[in-house]
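Let me begin by presenting the structure, written as C-alpha coordinates, before commenting on it.
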2 protein chains.
Amino acid sequence: MTTPDAATPRPASSRARILLVARTEFAERGFDGVPLQAIAARAGVRHPTLLYHFESKELLYRAVIESVVGDWAAETERAISTGLLGFEQVAALVDAAFRFFDRHGDFVRIVRREAIEGGGRMEEQMAEFMRPFLEDAVRFLRKEMRAGRLRRHDPVELMQVCYGTVLTYFSDARFRANLVDEDPLSASALGRHKRALLKLLRTALEPELR
Amino acid sequence: MTTPDAATPRPASSRARILLVARTEFAERGFDGVPLQAIAARAGVRHPTLLYHFESKELLYRAVIESVVGDWAAETERAISTGLLGFEQVAALVDAAFRFFDRHGDFVRIVRREAIEGGGRMEEQMAEFMRPFLEDAVRFLRKEMRAGRLRRHDPVELMQVCYGTVLTYFSDARFRANLVDEDPLSASALGRHKRALLKLLRTALEPELR
DNA sequence: GTCTATACCGCGATAGAC
DNA sequence: GTCTATCGCGGTATAGAC
(Lines give C-alpha, C1' and ligand atoms only; values in the text may rest on other atoms or scores of the structure.)
Protein backbone atom coordinates (compact mmCIF):
# COMPACT_ATOMS: atom_id res chain seq x y z
CA MET A 1 0.00 0.00 0.00
CA THR A 2 2.40 2.62 1.15
CA THR A 3 5.95 3.09 -0.07
CA PRO A 4 8.50 0.76 -1.64
CA ASP A 5 12.05 -0.18 -0.84
CA ALA A 6 14.25 2.21 -2.79
CA ALA A 7 15.81 5.25 -1.23
CA THR A 8 12.71 6.23 0.70
CA PRO A 9 13.74 8.69 3.41
CA ARG A 10 12.82 6.66 6.53
CA PRO A 11 9.28 7.09 7.71
CA ALA A 12 8.73 8.98 10.92
CA SER A 13 6.48 6.49 12.71
CA SER A 14 8.03 3.36 14.16
CA ARG A 15 5.24 1.31 12.75
CA ALA A 16 5.93 2.36 9.20
CA ARG A 17 9.65 1.91 9.66
CA ILE A 18 9.19 -1.59 10.98
CA LEU A 19 6.93 -2.53 8.10
CA LEU A 20 9.45 -1.21 5.64
CA VAL A 21 12.49 -3.07 6.91
CA ALA A 22 10.38 -6.18 7.52
CA ARG A 23 9.52 -6.22 3.85
CA THR A 24 13.09 -6.17 2.64
CA GLU A 25 14.26 -8.47 5.38
CA PHE A 26 11.61 -11.14 4.70
CA ALA A 27 12.35 -10.87 1.00
CA GLU A 28 16.02 -11.40 1.64
CA ARG A 29 16.01 -14.27 4.08
CA GLY A 30 12.50 -15.61 4.19
CA PHE A 31 10.12 -15.91 7.09
CA ASP A 32 12.16 -18.29 9.23
CA GLY A 33 15.41 -16.69 8.22
CA VAL A 34 14.79 -13.42 10.01
CA PRO A 35 14.73 -12.96 13.76
CA LEU A 36 12.25 -10.38 14.90
CA GLN A 37 15.07 -8.83 16.82
CA ALA A 38 16.95 -8.12 13.60
CA ILE A 39 13.99 -6.31 12.12
CA ALA A 40 13.45 -4.35 15.29
CA ALA A 41 17.11 -3.40 15.46
CA ARG A 42 17.25 -2.17 11.88
CA ALA A 43 14.10 -0.19 12.52
CA GLY A 44 15.69 1.39 15.54
CA VAL A 45 13.47 -0.11 18.22
CA ARG A 46 13.49 -3.10 20.59
CA HIS A 47 11.51 -6.17 19.73
CA PRO A 48 8.78 -5.67 22.33
CA THR A 49 8.03 -2.44 20.56
CA LEU A 50 7.64 -4.32 17.34
CA LEU A 51 5.29 -6.76 19.01
CA TYR A 52 3.33 -3.87 20.38
CA HIS A 53 2.53 -2.71 16.86
CA PHE A 54 2.14 -6.11 15.23
CA GLU A 55 0.99 -8.71 17.69
CA SER A 56 3.08 -11.58 16.38
CA LYS A 57 5.67 -12.41 13.78
CA GLU A 58 2.98 -14.10 11.74
CA LEU A 59 0.83 -10.98 11.75
CA LEU A 60 3.74 -8.77 10.87
CA TYR A 61 4.37 -11.00 7.88
CA ARG A 62 0.77 -10.83 6.77
CA ALA A 63 0.89 -7.06 7.02
CA VAL A 64 3.93 -7.07 4.78
CA ILE A 65 2.22 -9.29 2.25
CA GLU A 66 -0.79 -7.06 2.28
CA SER A 67 1.20 -3.94 1.53
CA VAL A 68 3.17 -5.75 -1.14
CA VAL A 69 0.13 -7.13 -2.89
CA GLY A 70 -1.58 -3.78 -2.59
CA ASP A 71 1.25 -2.10 -4.45
CA TRP A 72 1.03 -4.64 -7.20
CA ALA A 73 -2.71 -4.44 -7.56
CA ALA A 74 -2.64 -0.67 -7.87
CA GLU A 75 0.02 -0.80 -10.55
CA THR A 76 -1.50 -3.46 -12.78
CA GLU A 77 -4.88 -1.82 -12.60
CA ARG A 78 -3.38 1.09 -14.44
CA ALA A 79 -1.31 -0.89 -16.92
CA ILE A 80 -4.20 -3.01 -18.04
CA SER A 81 -6.81 -0.34 -18.60
CA THR A 82 -5.14 1.70 -21.30
CA GLY A 83 -7.39 0.76 -24.16
CA LEU A 84 -4.48 -0.34 -26.31
CA LEU A 85 -4.93 -3.11 -28.85
CA GLY A 86 -3.06 -6.14 -30.07
CA PHE A 87 0.61 -6.43 -29.42
CA GLU A 88 0.81 -2.84 -28.19
CA GLN A 89 -1.11 -3.76 -25.07
CA VAL A 90 1.02 -6.83 -24.49
CA ALA A 91 4.15 -4.75 -24.79
CA ALA A 92 2.76 -2.11 -22.46
CA LEU A 93 2.02 -4.72 -19.84
CA VAL A 94 5.44 -6.32 -20.07
CA ASP A 95 6.93 -2.89 -19.84
CA ALA A 96 4.92 -2.04 -16.75
CA ALA A 97 5.95 -5.31 -15.12
CA PHE A 98 9.61 -4.59 -15.74
CA ARG A 99 9.41 -1.14 -14.28
CA PHE A 100 7.42 -2.26 -11.27
CA PHE A 101 9.59 -5.24 -10.46
CA ASP A 102 12.69 -3.17 -10.85
CA ARG A 103 11.53 -0.70 -8.25
CA HIS A 104 10.15 -3.41 -5.98
CA GLY A 105 12.83 -6.07 -5.84
CA ASP A 106 11.55 -7.28 -2.51
CA PHE A 107 8.06 -7.76 -3.88
CA VAL A 108 9.39 -10.23 -6.38
CA ARG A 109 11.27 -12.38 -3.95
CA ILE A 110 8.44 -12.48 -1.45
CA VAL A 111 6.00 -13.56 -4.12
CA ARG A 112 8.42 -16.17 -5.35
CA ARG A 113 8.99 -17.56 -1.91
CA GLU A 114 5.28 -17.87 -1.37
CA ALA A 115 4.75 -19.41 -4.77
CA ILE A 116 7.30 -22.09 -3.99
CA GLU A 117 5.88 -22.93 -0.60
CA GLY A 118 2.54 -23.75 -2.11
CA GLY A 119 0.87 -24.35 1.21
CA GLY A 120 2.38 -21.04 2.16
CA ARG A 121 1.27 -18.25 4.38
CA MET A 122 -0.75 -16.32 1.85
CA GLU A 123 -2.08 -18.76 -0.70
CA GLU A 124 -5.60 -17.36 -0.84
CA GLN A 125 -4.55 -13.75 -0.39
CA MET A 126 -2.21 -13.90 -3.36
CA ALA A 127 -4.51 -15.99 -5.50
CA GLU A 128 -7.34 -13.62 -4.70
CA PHE A 129 -5.46 -10.73 -6.20
CA MET A 130 -3.94 -12.60 -9.09
CA ARG A 131 -6.97 -14.41 -10.40
CA PRO A 132 -8.92 -11.42 -11.68
CA PHE A 133 -5.74 -10.03 -13.17
CA LEU A 134 -5.09 -13.27 -14.99
CA GLU A 135 -8.69 -13.54 -16.12
CA ASP A 136 -8.69 -10.04 -17.53
CA ALA A 137 -5.50 -10.71 -19.38
CA VAL A 138 -6.75 -14.00 -20.79
CA ARG A 139 -10.01 -12.41 -21.87
CA PHE A 140 -8.11 -9.69 -23.63
CA LEU A 141 -5.79 -12.08 -25.41
CA ARG A 142 -8.66 -14.25 -26.55
CA LYS A 143 -10.48 -11.27 -27.94
CA GLU A 144 -7.46 -9.98 -29.82
CA MET A 145 -6.72 -13.39 -31.25
CA ARG A 146 -10.25 -13.77 -32.46
CA ALA A 147 -10.06 -10.31 -33.97
CA GLY A 148 -6.93 -11.37 -35.81
CA ARG A 149 -4.76 -8.78 -34.13
CA LEU A 150 -2.69 -11.50 -32.48
CA ARG A 151 -1.73 -14.92 -33.70
CA ARG A 152 -3.43 -17.76 -31.93
CA HIS A 153 -1.67 -19.18 -28.89
CA ASP A 154 -3.04 -20.65 -25.69
CA PRO A 155 -3.66 -17.49 -23.65
CA VAL A 156 -3.15 -19.08 -20.25
CA GLU A 157 0.11 -20.68 -21.24
CA LEU A 158 1.19 -17.46 -22.86
CA MET A 159 0.63 -15.63 -19.60
CA GLN A 160 2.51 -18.35 -17.79
CA VAL A 161 5.50 -17.82 -20.05
CA CYS A 162 5.50 -14.09 -19.41
CA TYR A 163 5.01 -14.52 -15.70
CA GLY A 164 7.79 -17.07 -15.48
CA THR A 165 10.23 -15.12 -17.56
CA VAL A 166 9.82 -11.72 -16.02
CA LEU A 167 9.53 -12.87 -12.44
CA THR A 168 12.54 -15.12 -12.80
CA TYR A 169 14.68 -12.43 -14.28
CA PHE A 170 14.28 -10.42 -11.13
CA SER A 171 14.01 -13.09 -8.46
CA ASP A 172 17.08 -14.93 -9.74
CA ALA A 173 19.05 -11.85 -10.68
CA ARG A 174 21.73 -12.51 -8.11
CA PHE A 175 22.19 -15.99 -9.49
CA ARG A 176 22.40 -14.77 -13.05
CA ALA A 177 25.10 -12.40 -11.92
CA ASN A 178 27.29 -15.45 -11.35
CA LEU A 179 26.83 -16.67 -14.88
CA VAL A 180 27.23 -13.60 -17.03
CA ASP A 181 29.56 -10.82 -16.02
CA GLU A 182 27.32 -7.82 -15.93
CA ASP A 183 24.94 -6.68 -13.25
CA PRO A 184 21.54 -8.06 -14.34
CA LEU A 185 19.80 -5.16 -12.68
CA SER A 186 21.78 -2.48 -14.46
CA ALA A 187 19.73 -0.37 -16.80
CA SER A 188 21.48 -1.76 -19.86
CA ALA A 189 21.14 -5.44 -18.96
CA LEU A 190 17.55 -4.90 -18.01
CA GLY A 191 16.81 -3.13 -21.24
CA ARG A 192 18.44 -5.85 -23.28
CA HIS A 193 16.39 -8.56 -21.63
CA LYS A 194 13.18 -6.67 -22.02
CA ARG A 195 13.86 -6.03 -25.67
CA ALA A 196 14.76 -9.67 -26.23
CA LEU A 197 11.57 -10.88 -24.62
CA LEU A 198 9.47 -8.40 -26.55
CA LYS A 199 11.10 -9.35 -29.80
CA LEU A 200 10.42 -13.00 -29.09
CA LEU A 201 6.81 -12.27 -28.27
CA ARG A 202 6.40 -9.99 -31.23
CA THR A 203 7.71 -12.53 -33.73
CA ALA A 204 5.39 -15.09 -32.25
CA LEU A 205 2.33 -12.91 -31.81
CA GLU A 206 2.15 -10.25 -34.48
CA PRO A 207 0.18 -11.64 -37.41
CA GLU A 208 1.23 -9.62 -40.41
CA LEU A 209 4.93 -10.00 -39.81
CA ARG A 210 7.63 -10.36 -42.45
CA MET B 1 24.64 -38.63 -8.25
CA THR B 2 22.55 -41.28 -6.63
CA THR B 3 18.82 -41.74 -6.88
CA PRO B 4 15.91 -39.33 -7.15
CA ASP B 5 12.75 -38.78 -5.23
CA ALA B 6 10.04 -40.76 -6.96
CA ALA B 7 8.94 -44.14 -5.72
CA THR B 8 12.43 -45.36 -5.02
CA PRO B 9 12.23 -48.41 -2.77
CA ARG B 10 13.99 -47.00 0.35
CA PRO B 11 17.72 -47.45 0.39
CA ALA B 12 19.17 -49.95 2.82
CA SER B 13 21.82 -47.75 4.42
CA SER B 14 20.76 -45.11 6.89
CA ARG B 15 23.02 -42.61 5.25
CA ALA B 16 21.33 -42.95 1.89
CA ARG B 17 17.90 -42.86 3.45
CA ILE B 18 18.73 -39.68 5.34
CA LEU B 19 20.06 -38.02 2.22
CA LEU B 20 16.94 -38.94 0.34
CA VAL B 21 14.39 -37.58 2.77
CA ALA B 22 16.59 -34.55 3.44
CA ARG B 23 16.34 -33.68 -0.22
CA THR B 24 12.57 -33.68 -0.35
CA GLU B 25 12.28 -32.08 3.05
CA PHE B 26 14.60 -29.18 2.25
CA ALA B 27 12.85 -28.69 -1.05
CA GLU B 28 9.52 -28.51 0.69
CA ARG B 29 10.24 -26.25 3.62
CA GLY B 30 13.66 -24.75 3.02
CA PHE B 31 16.76 -24.93 5.12
CA ASP B 32 15.45 -23.21 8.23
CA GLY B 33 12.04 -24.74 7.86
CA VAL B 34 13.12 -28.27 8.63
CA PRO B 35 14.24 -29.54 12.03
CA LEU B 36 16.94 -32.15 11.82
CA GLN B 37 14.76 -34.26 14.04
CA ALA B 38 12.06 -34.36 11.40
CA ILE B 39 14.47 -35.63 8.78
CA ALA B 40 15.90 -38.18 11.17
CA ALA B 41 12.45 -39.35 12.16
CA ARG B 42 11.27 -39.81 8.56
CA ALA B 43 14.48 -41.68 7.83
CA GLY B 44 13.82 -43.98 10.75
CA VAL B 45 16.71 -42.93 12.97
CA ARG B 46 17.39 -40.53 15.85
CA HIS B 47 19.06 -37.23 15.21
CA PRO B 48 22.40 -38.12 16.75
CA THR B 49 22.61 -40.84 14.15
CA LEU B 50 22.06 -38.28 11.46
CA LEU B 51 24.80 -36.12 12.91
CA TYR B 52 27.05 -39.11 12.99
CA HIS B 53 26.79 -39.44 9.21
CA PHE B 54 26.70 -35.73 8.33
CA GLU B 55 28.51 -33.66 10.90
CA SER B 56 26.14 -30.72 10.89
CA LYS B 57 22.92 -29.51 9.37
CA GLU B 58 24.91 -27.27 7.08
CA LEU B 59 26.97 -30.16 5.80
CA LEU B 60 23.92 -32.32 5.29
CA TYR B 61 22.46 -29.57 3.16
CA ARG B 62 25.60 -29.28 1.07
CA ALA B 63 25.54 -33.01 0.51
CA VAL B 64 21.97 -32.72 -0.71
CA ILE B 65 22.90 -29.92 -3.09
CA GLU B 66 25.75 -31.95 -4.41
CA SER B 67 23.61 -34.95 -5.23
CA VAL B 68 20.96 -32.72 -6.76
CA VAL B 69 23.38 -30.88 -8.99
CA GLY B 70 25.03 -34.14 -9.92
CA ASP B 71 21.74 -35.53 -11.17
CA TRP B 72 21.18 -32.46 -13.28
CA ALA B 73 24.65 -32.44 -14.76
CA ALA B 74 24.41 -36.07 -15.80
CA GLU B 75 21.07 -35.49 -17.50
CA THR B 76 21.96 -32.37 -19.48
CA GLU B 77 25.20 -33.88 -20.65
CA ARG B 78 23.14 -36.38 -22.54
CA ALA B 79 20.46 -34.04 -23.85
CA ILE B 80 22.96 -31.61 -25.28
CA SER B 81 25.20 -34.03 -27.14
CA THR B 82 22.73 -35.48 -29.61
CA GLY B 83 24.10 -33.85 -32.75
CA LEU B 84 20.71 -32.44 -33.67
CA LEU B 85 20.47 -29.19 -35.57
CA GLY B 86 18.43 -26.02 -35.51
CA PHE B 87 15.11 -26.01 -33.78
CA GLU B 88 15.17 -29.78 -33.37
CA GLN B 89 17.95 -29.48 -30.79
CA VAL B 90 16.18 -26.68 -28.98
CA ALA B 91 13.03 -28.75 -28.80
CA ALA B 92 14.97 -31.77 -27.58
CA LEU B 93 16.51 -29.77 -24.79
CA VAL B 94 13.23 -28.27 -23.68
CA ASP B 95 11.75 -31.71 -23.75
CA ALA B 96 14.56 -33.13 -21.65
CA ALA B 97 14.16 -30.35 -19.12
CA PHE B 98 10.45 -31.03 -18.80
CA ARG B 99 10.98 -34.71 -18.24
CA PHE B 100 13.78 -34.20 -15.78
CA PHE B 101 12.03 -31.55 -13.73
CA ASP B 102 8.89 -33.61 -13.65
CA ARG B 103 10.70 -36.52 -12.12
CA HIS B 104 12.76 -34.31 -9.80
CA GLY B 105 10.31 -31.87 -8.32
CA ASP B 106 12.55 -31.36 -5.34
CA PHE B 107 15.48 -30.43 -7.53
CA VAL B 108 13.55 -27.54 -8.93
CA ARG B 109 12.49 -26.05 -5.65
CA ILE B 110 15.93 -26.36 -4.11
CA VAL B 111 17.54 -24.65 -7.07
CA ARG B 112 14.93 -21.94 -6.95
CA ARG B 113 15.41 -21.34 -3.29
CA GLU B 114 19.12 -21.01 -3.77
CA ALA B 115 18.73 -18.77 -6.77
CA ILE B 116 16.57 -16.41 -4.76
CA GLU B 117 18.94 -16.24 -1.83
CA GLY B 118 21.75 -15.03 -4.03
CA GLY B 119 24.32 -15.04 -1.28
CA GLY B 120 23.04 -18.51 -0.64
CA ARG B 121 24.63 -21.71 0.47
CA MET B 122 25.76 -22.96 -2.91
CA GLU B 123 26.40 -19.95 -5.14
CA GLU B 124 29.71 -21.18 -6.59
CA GLN B 125 28.74 -24.84 -6.64
CA MET B 126 25.65 -24.17 -8.71
CA ALA B 127 27.28 -21.61 -10.94
CA GLU B 128 30.18 -23.96 -11.52
CA PHE B 129 27.84 -26.54 -13.00
CA MET B 130 25.60 -24.17 -14.85
CA ARG B 131 28.18 -22.00 -16.55
CA PRO B 132 29.57 -24.60 -18.97
CA PHE B 133 26.05 -25.75 -19.72
CA LEU B 134 24.99 -22.22 -20.53
CA GLU B 135 28.10 -21.59 -22.59
CA ASP B 136 27.60 -24.72 -24.66
CA ALA B 137 24.01 -23.75 -25.29
CA VAL B 138 24.90 -20.20 -26.28
CA ARG B 139 27.66 -21.41 -28.57
CA PHE B 140 25.24 -23.77 -30.24
CA LEU B 141 22.57 -21.12 -30.70
CA ARG B 142 25.04 -18.65 -32.14
CA LYS B 143 26.29 -21.21 -34.61
CA GLU B 144 22.82 -22.17 -35.75
CA MET B 145 21.79 -18.57 -36.15
CA ARG B 146 24.83 -17.82 -38.22
CA ALA B 147 24.08 -20.87 -40.32
CA GLY B 148 20.59 -19.56 -40.87
CA ARG B 149 18.93 -22.52 -39.23
CA LEU B 150 17.52 -20.28 -36.53
CA ARG B 151 16.35 -16.71 -36.64
CA ARG B 152 18.58 -14.26 -34.87
CA HIS B 153 17.83 -13.59 -31.24
CA ASP B 154 20.14 -12.78 -28.35
CA PRO B 155 21.21 -16.29 -27.28
CA VAL B 156 21.77 -15.48 -23.62
CA GLU B 157 18.43 -13.81 -23.27
CA LEU B 158 16.81 -16.66 -25.13
CA MET B 159 18.23 -19.13 -22.65
CA GLN B 160 17.05 -16.93 -19.83
CA VAL B 161 13.53 -17.04 -21.19
CA CYS B 162 13.59 -20.83 -21.38
CA TYR B 163 15.16 -21.20 -17.98
CA GLY B 164 12.66 -18.85 -16.41
CA THR B 165 9.65 -20.37 -18.05
CA VAL B 166 10.37 -24.02 -17.46
CA LEU B 167 11.74 -23.67 -13.96
CA THR B 168 8.84 -21.48 -12.95
CA TYR B 169 6.26 -23.86 -14.28
CA PHE B 170 7.49 -26.49 -11.88
CA SER B 171 8.62 -24.44 -8.92
CA ASP B 172 5.38 -22.48 -8.81
CA ALA B 173 3.12 -25.33 -9.78
CA ARG B 174 1.34 -25.30 -6.47
CA PHE B 175 0.60 -21.63 -6.86
CA ARG B 176 -0.68 -22.09 -10.38
CA ALA B 177 -3.02 -24.72 -9.04
CA ASN B 178 -4.87 -21.94 -7.21
CA LEU B 179 -5.42 -19.98 -10.38
CA VAL B 180 -6.52 -22.54 -12.90
CA ASP B 181 -8.51 -25.54 -11.88
CA GLU B 182 -6.44 -28.42 -13.13
CA ASP B 183 -3.42 -30.03 -11.55
CA PRO B 184 -0.46 -28.34 -13.26
CA LEU B 185 1.60 -31.47 -12.83
CA SER B 186 -0.90 -33.76 -14.48
CA ALA B 187 0.32 -35.25 -17.73
CA SER B 188 -2.21 -33.30 -19.77
CA ALA B 189 -1.51 -29.89 -18.23
CA LEU B 190 2.18 -30.49 -18.52
CA GLY B 191 1.91 -31.50 -22.14
CA ARG B 192 -0.17 -28.48 -22.96
CA HIS B 193 2.34 -26.11 -21.46
CA LYS B 194 5.25 -27.75 -23.16
CA ARG B 195 3.52 -27.62 -26.50
CA ALA B 196 2.60 -23.98 -25.97
CA LEU B 197 6.16 -23.03 -25.15
CA LEU B 198 7.52 -24.97 -28.09
CA LYS B 199 5.04 -23.40 -30.44
CA LEU B 200 6.02 -19.98 -29.21
CA LEU B 201 9.69 -20.75 -29.66
CA ARG B 202 9.15 -22.33 -33.01
CA THR B 203 7.23 -19.35 -34.41
CA ALA B 204 9.97 -17.09 -33.16
CA LEU B 205 12.95 -19.22 -34.11
CA GLU B 206 12.27 -21.24 -37.23
CA PRO B 207 13.35 -19.20 -40.23
CA GLU B 208 11.43 -20.57 -43.19
CA LEU B 209 8.07 -20.43 -41.48
CA ARG B 210 4.78 -19.73 -43.14
C1' DG C 1 26.46 -47.23 14.13
C1' DT C 2 22.86 -46.32 16.93
C1' DC C 3 20.95 -45.04 20.97
C1' DT C 4 19.48 -41.93 25.66
C1' DA C 5 20.28 -38.02 28.02
C1' DT C 6 21.51 -33.50 28.27
C1' DA C 7 23.87 -29.13 27.49
C1' DC C 8 23.14 -24.82 25.37
C1' DC C 9 21.31 -21.11 23.02
C1' DG C 10 18.41 -18.38 19.89
C1' DC C 11 14.10 -16.74 19.38
C1' DG C 12 9.10 -15.43 20.02
C1' DA C 13 6.38 -13.78 23.39
C1' DT C 14 4.84 -11.72 28.08
C1' DA C 15 5.14 -8.81 32.42
C1' DG C 16 5.40 -4.68 34.09
C1' DA C 17 7.93 -0.16 34.97
C1' DC C 18 8.47 4.48 32.88
C1' DG D 1 4.71 3.76 22.95
C1' DT D 2 8.88 2.26 24.36
C1' DC D 3 11.72 0.11 27.33
C1' DT D 4 14.30 -3.91 30.60
C1' DA D 5 13.93 -8.30 32.22
C1' DT D 6 12.61 -12.81 31.87
C1' DC D 7 10.12 -17.02 30.69
C1' DG D 8 9.86 -21.16 27.92
C1' DC D 9 10.14 -23.75 23.86
C1' DG D 10 12.27 -25.79 20.07
C1' DG D 11 16.31 -26.81 17.79
C1' DT D 12 21.43 -28.01 17.01
C1' DA D 13 24.92 -30.32 18.80
C1' DT D 14 27.68 -33.26 22.26
C1' DA D 15 28.74 -36.96 25.85
C1' DG D 16 28.93 -41.33 26.56
C1' DA D 17 26.75 -46.06 27.11
C1' DC D 18 25.55 -50.17 24.31
Side-chain angles (χ1 to χ4, degrees), chain A residues 1-3 9-67 110 113-114 117 119-122, chain B residues 1-3 9-67 110 113-114 117 119-122:
Chain A
M1 241 110 225
T2 44
T3 52
R10 288 229 123 192
S13 84
S14 308
R15 194 190 145 90
R17 249 172 17 240
I18 291 167
L19 200 57
L20 204 62
V21 325
R23 184 194 273 215
T24 80
E25 212 64 15
F26 281 139
E28 219 57 48
R29 300 184 237 297
F31 185 81
D32 316 277
V34 197
L36 279 187
Q37 332 217 354
I39 300 177
R42 280 199 40 198
V45 295
R46 307 288 181 176
H47 36 300
T49 305
L50 187 157
L51 288 166
Y52 166 79
H53 290 291
F54 308 86
E55 304 183 19
S56 71
K57 191 181 186 181
E58 182 77 27
L59 286 176
L60 169 60
Y61 187 76
R62 304 197 90 90
V64 168
I65 296 288
E66 212 162 304
S67 84
I110 288 184
R113 282 211 146 87
E114 287 293 330
E117 310 280 335
R121 245 166 282 273
M122 40 190 301
Chain B
M1 240 115 224
T2 43
T3 50
R10 287 232 120 189
S13 85
S14 308
R15 193 191 145 88
R17 253 178 8 246
I18 291 167
L19 201 55
L20 205 61
V21 325
R23 185 194 273 216
T24 78
E25 212 66 12
F26 281 139
E28 218 56 49
R29 298 183 238 296
F31 184 81
D32 316 276
V34 196
L36 279 188
Q37 332 216 359
I39 300 178
R42 281 199 38 197
V45 295
R46 306 289 181 174
H47 35 302
T49 305
L50 187 156
L51 288 167
Y52 166 80
H53 291 290
F54 309 86
E55 305 183 18
S56 71
K57 191 181 186 179
E58 182 77 26
L59 285 175
L60 170 60
Y61 186 76
R62 304 195 90 91
V64 167
I65 296 287
E66 212 162 304
S67 86
I110 287 184
R113 282 210 147 88
E114 287 293 331
E117 310 280 334
R121 247 166 281 271
M122 40 189 302

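Lettering of chains follows the sequences in order, A, B, ..., and the numbering in each one begins at 1.
For A/Lys57, whose side chain is taken as the heavy atoms from C-beta onward, the closest listed nucleotide among C/dG12, D/dG1, D/dA13 is C/dG12. Counting only heavy atoms from C-beta on, A/Pro48 has its side chain closest to D/dT4 among D/dT4, C/dA5, C/dT2. Distance from the side chain of B/Arg46 is smallest to C/dC3 among C/dC3, C/dG12, C/dT14. Among the nucleotides C/dT2, D/dG1, D/dA13, the one closest to any side-chain atom of B/His53 is C/dT2. For A/Leu36, the side-chain atoms get nearest to C/dA13 when compared with the rest of D/dT14, C/dA13, D/dT2.
When the C1' atom of D/dG1 is taken as reference, atom CG of A/Leu51 falls 13 Å away, rounded to whole Å. Rounded to an integer number of Å, the gap from A/Asp32 CG to D/dG10 P is 15 Å. Atom NE2 of A/His47 and atom C1' of D/dT6 are 10 Å apart (whole Å). If you measure from atom CZ of A/Arg29 to atom C1' of C/dC11, you get 16 Å, rounded to the nearest angstrom. Rounding to whole angstrom units, CG of residue B/Leu50 and P of D/dT12 are separated by 10 Å. Rounded to an integer number of Å, the gap from A/Tyr52 OH to D/dC3 P is 13 Å. Remark: C1' of D/dG11 and OH of B/Tyr61 are 18 Å apart, rounded to the nearest angstrom. Distance, A/Gln37 CD to C/dC9 P: 15 Å, rounded to whole Å.
With hydrogens and angles disregarded, a donor-acceptor distance shorter than 3.5 Å links the side chain of A/Arg17 to the backbone of A/Ala43. Looking at A/Gln37, its side chain never comes within 3.5 Å of a backbone N or O of A/His47 through a donor-acceptor pair.
Residue A/Ser56 places none of its side-chain N or O atoms closer than 4.0 Å to OP1 or OP2 of C/dG12. Taking only side-chain nitrogens and oxygens, A/Thr49 comes nearer than 4.0 Å to OP1 or OP2 of D/dC3.
Nucleic acid contact for A/Pro35: sugar-phosphate only, since backbone atoms but no base atoms lie under 4.0 Å from a heavy atom of the residue.
Contact of the B/Tyr61 side chain with the B/Ile110 side chain is registered, since non-hydrogen atoms from C-beta on lie closer than 4.5 Å.
The CZ atom of A/Arg29 sits 9.5 Å away from atom CZ of A/Arg113, with the distance rounded to the nearest 0.5 Å.
In summary, B/Arg62 and B/Glu66 do not engage in a salt bridge, as defined by a charged side-chain N under 4.0 Å from a carboxylate O.
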